[in-house]
Amino acid sequence: MSARGAIQREGIPFVFGILCLLAVITVIEMLIRWGMINPFIVPKPTDIVMSFERIILEENILPRFMMTFGEALMASLMLSVVGISLGVLLHRNTTVRLATQNWVAAIASAPLVLMYPLFLVIFGRSAWTIIMIAFVSALPPVILKTLEGLAGTRAVLINVGRSFKLTPSQLYWKILFPAALPNIFVGVRLGMIFALINIVGVEFLINFGGLGQLVNELAERYDLPGTYAAICFVILVSVVFFIGTERIERWLRPGT
Amino acid sequence: MPAVDPILVVENIVKRFETQDGVLVAVDDVSFNVMPGEFLSVIGPSGCGKSTLFNVMGGLLGGYEGRISVGGETVRGPHASIGMIFQEESTFPWRTVIDNVAFPLEIAGMAKVERTEKARHFIDLVGLNGFERRYPSELSGGMRQRVSMARTLASEPKILLMDEPFAALDEQTRLLLGDKVLQIQQDLKQTTLLITHNLTEAVQLSDRILVMTYRPGKTKRIVEIALPRPRNSEIVSSDDFGRYVAQIWSDLREEASKGLKDDEARRVRSGGAGAS
Ligand SMILES: Nc1ncnc2c1ncn2[C@@H]1O[C@H](COP(=O)(O)OP(=O)(O)OP(=O)(O)O)[C@@H](O)[C@H]1O
Ligand SMILES: [Mg+2]
């Protein structure tokens with residue numbers, strides 16, 4: 001619990017991670033400089049870093065970042081609310097579960113993004129098309145992981161609750177739900193990854209705002225350092241989400 | 001002798017399970033009484049139906065014949081007068097020690113300040129003061145089992161029902177926790193029913209011991225343990241203690257070896273099926 005312990009637990013791995021990343025980047029830089037990797041396929045990391053200034057100043061990166069971030073946030077919120085609720089529903093109702101579980105798993109592997117024309121017809125060429133495609137494609141992992149977490153609650157914990165005469169709703173809120181939280185968060189994180197991939201992909205496809213469109217434009221201009229720099233911002237979105245969910249998880253379920 | 005009514009009456013309990021190889025009689029016509037303040041142990045070999053009996057008494061398992069009553073009232077489903085401590089680790093990993101112990105009080109709707117204070121008292125009782133803010137993942141197995149014990153005691157049950165609470169612990173910890181249980185039982189005059197397969201533990205703690213047979217689980221014998229009270233773990237070195245252990249062991253040996261033969265037979269059968 002001491003500050004020193006916290007530094008050892010979190011600080012050292014963090015620094016180690018950064019050093020590894022820097023090492024890999026340095027190696028790539030060297031390989032490109034020595035001509036072992038073609039610089040027209042992979043630009044030099046130093047060039048990518050240099051191009052940050054340009055894409056920030058000239059390409060409106062901040063509003064684009066906020067747009068993609070906002071879409072991802074909206075999709076994730078919908079994902080959490082609807083996905084977890086559906087998971088709970090499937091857990092409570094055995095018939096529904098047996099009838100639909102395999103279908104949900106099957107949808108997880110369907111390339112729903114290819115149905116984007118349909119979404120365009122329904123939602124128009126707007127952020128909602130993007131959000132809805134991301135939301136629908138990312139739903140299965142959230143549902144399935146919620147279900148798995150609830151069903152995997154150790155029987156003895158439920159028995160403890162029953163022996164203390166908990167009502168069914170207390171049993172859910174005080175025992176099943178907290179016990180399932182780690183699994184639920186795995187589902188939400190997986191779902192967010194699915195969602196972000198779809199968001200960037202559809203921005204790219206329908207040429208509508210955000211970072212996906214920028215990546216597309218820069219690639220078409222053959223501005224490779226700029227393209228990679230824009231991709232770094234996509235990664236930044238996912239990093240922000242990961243840190244965010246981790247914070248929320250630790251707050252909701254301490255002790256692990 | 002004053003006429004005191006038993007606090008817990010177990011009458012002719014029969015519990016059967018439908019299994020793939022037909023009907024299995026897990027508990028067969030078990031009856032006994034427990035007096036207020038008494039410490040009764042139920043001992044029997046592994047698989048003789050002890051946990052089944054425990055779950056029936058705690059109201060977690062239905063579909064049995066016979067009757068359980070607490071203070072004259074027939075038990076149907078979990079009963080507020082019965083507090084259960086389970087065989088497996090059962091603390092809530094997402095709650096601190098104090099929040100684990102305060103759990104039944106929170107469910108009962110007690111105010112935060114009040115329940116924290118009360119939980120502290122029970123944490124003291126099991127000797128975990130100083131660990132209130134820790135999470136179960138930061139505690140040893142023995143400490144976690146004490147948290148479960150404090151949590152159940154905090155609900156102030158009339159009858160404490162324990163299913164091999166120390167089974168997963170080493171012998172020294174078991175003896176020391178036994179002392180703790182003895183002390184708590186003497187302080188609170190807590191009626192306690194302990195399910196165990198450990199002979200020393202049973203003789204160390206009990207006023208009476210019910211020996212169960214192996215499959216079907218019937219009552220083989222009830223033995224009075226006339227060792228002086230207050231007791232502690234030092235009693236294990238006395239001659240009387242040794243005599244009781246020897247006497248119960250001769251009863252138990254027969255049953256345990258039946259269980260062992262049964263296991264071997266099953267292994268041979270399944271091994272034979274696998275080879276052909
Ligand atoms: N839900 C169930 N369905 C079918 N059989 C069961 C069920 N629960 C227990 N049994 C069987 O009933 C018998 C008694 O089981 P029980 O768990 O009560 O034994 P036990 O005495 O507690 O054993 P141990 O000391 O190993 O904990 C065993 O043969 C077991 O296989
Ligand atoms: Mg058992």
Side-chain angles (χ1 to χ4, degrees), chain A residues 1-10 80 84 87-88 145-146 148-189 245-256, chain B residues 51 54-55 57-62 75-109 131 133-139 144-145 147-149 151-152 154-157 159-163 165 168:
Chain A
M1 284 281 157
S2 67
R4 189 135 152 238
I7 288 170
Q8 277 186 354
R9 243 191 346 268
E10 288 165 18
S80 307
I84 295 171
V88 169
K145 277 284 163 188
T146 301
E148 184 185 318
L150 291 170
T153 305
R154 288 168 54 220
V156 67
L157 296 186
I158 297 172
N159 278 338
V160 169
R162 290 177 60 207
S163 80
F164 287 132
K165 298 169 76 70
L166 267 64
T167 62
S169 89
Q170 284 175 324
L171 210 53
Y172 237 88
W173 285 110
K174 302 270 182 195
I175 295 180
L176 281 155
F177 215 66
L181 265 180
N183 259 305
I184 293 177
F185 269 90
V186 171
V188 168
R189 276 192 211 107
T245 50
E246 221 167 278
R247 284 278 153 84
I248 297 173
E249 181 176 3
R250 244 185 258 167
W251 174 66
L252 280 177
R253 194 191 192 279
T256 30
Chain B
S51 294
F54 170 80
N55 285 323
M57 285 191 285
L60 298 180
L61 196 60
V75 171
R76 292 184 189 82
H79 196 283
S81 306
I82 298 180
M84 303 176 83
I85 299 176
F86 294 83
Q87 185 168 1
E88 302 122 287
E89 216 276 287
S90 68
T91 52
F92 299 127
W94 57 87
R95 283 173 173 254
T96 56
V97 168
I98 193 144
D99 287 343
N100 259 288
V101 175
F103 182 77
L105 309 173
E106 183 183 322
I107 296 300
F131 292 93
R133 298 278 153 219
R134 298 293 187 89
Y135 285 96
S137 59
E138 302 171 283
L139 306 179
R144 284 184 218 171
Q145 207 49 278
V147 173
S148 307
M149 197 182 289
R151 182 179 60 191
T152 303
S155 69
E156 302 188 306
I159 303 163
L160 187 62
L161 207 55
M162 300 195 273
D163 186 9

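Since the model is a prediction, treat every value here as computed from it, not as a measurement. Order of the sequence lines sets the chain letters (A, B, ...), proteins ahead of strands, with each chain counted from 1. Note that these values count all heavy atoms, side chains included, but never hydrogens, waters or copies made by symmetry.
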Shortest non-hydrogen separation from [X] to [Y] and the atoms involved:
X	Y	result
A/R162	B/G59	NH2-O, 4.1 Å
B/W94	A/K174	CZ2-O, 3.4 Å
A/F164	B/I107	O-CG2, 4.2 Å

Q.
Quick check on A/A155 against chain B: is it the side chain, the backbone, both or neither that has a heavy atom closer than 4.5 Å?
A. neither
**Q.** Under 4.5 Å from any heavy atom of chain B - which part of A/L252
**A.** neither
Heavy-atom contact with chain A under 4.5 Å, split by part of [X]:
X	answer
B/T96	neither
B/S90	both
B/E106	side chain
B/A108	neither

Q) Passes side chain to side chain contact (heavy atoms under 4.5 Å, CB included), B/Q87 versus A/V156? Steps please. A) CA-CA 9 Å; B/Q87 185 168 1; A/V156 67; over 6 Å; no
Q) Under 3.5 Å, side chain of B/R95 to main-chain N/O of A/P254, donor-acceptor pair present? A) no
Q. Any sub-3.5 Å donor-acceptor pair from A/K165's side-chain atoms to B/P78's backbone N or O?
A. yes
Q: Just do the side chain to side chain contact (heavy atoms under 4.5 Å, CB included) check on A/L157 and B/F86 with the steps written out, would you?
A: CA-CA 10 Å; A/L157 296 186; B/F86 294 83; over 6 Å; no
Q: Pick whichever of B/G58, B/P93, B/P136, B/G83 has the most heavy-atom pairs under 4.5 Å with chain A.
A: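 Heavy-atom pair counts peak at B/P93.
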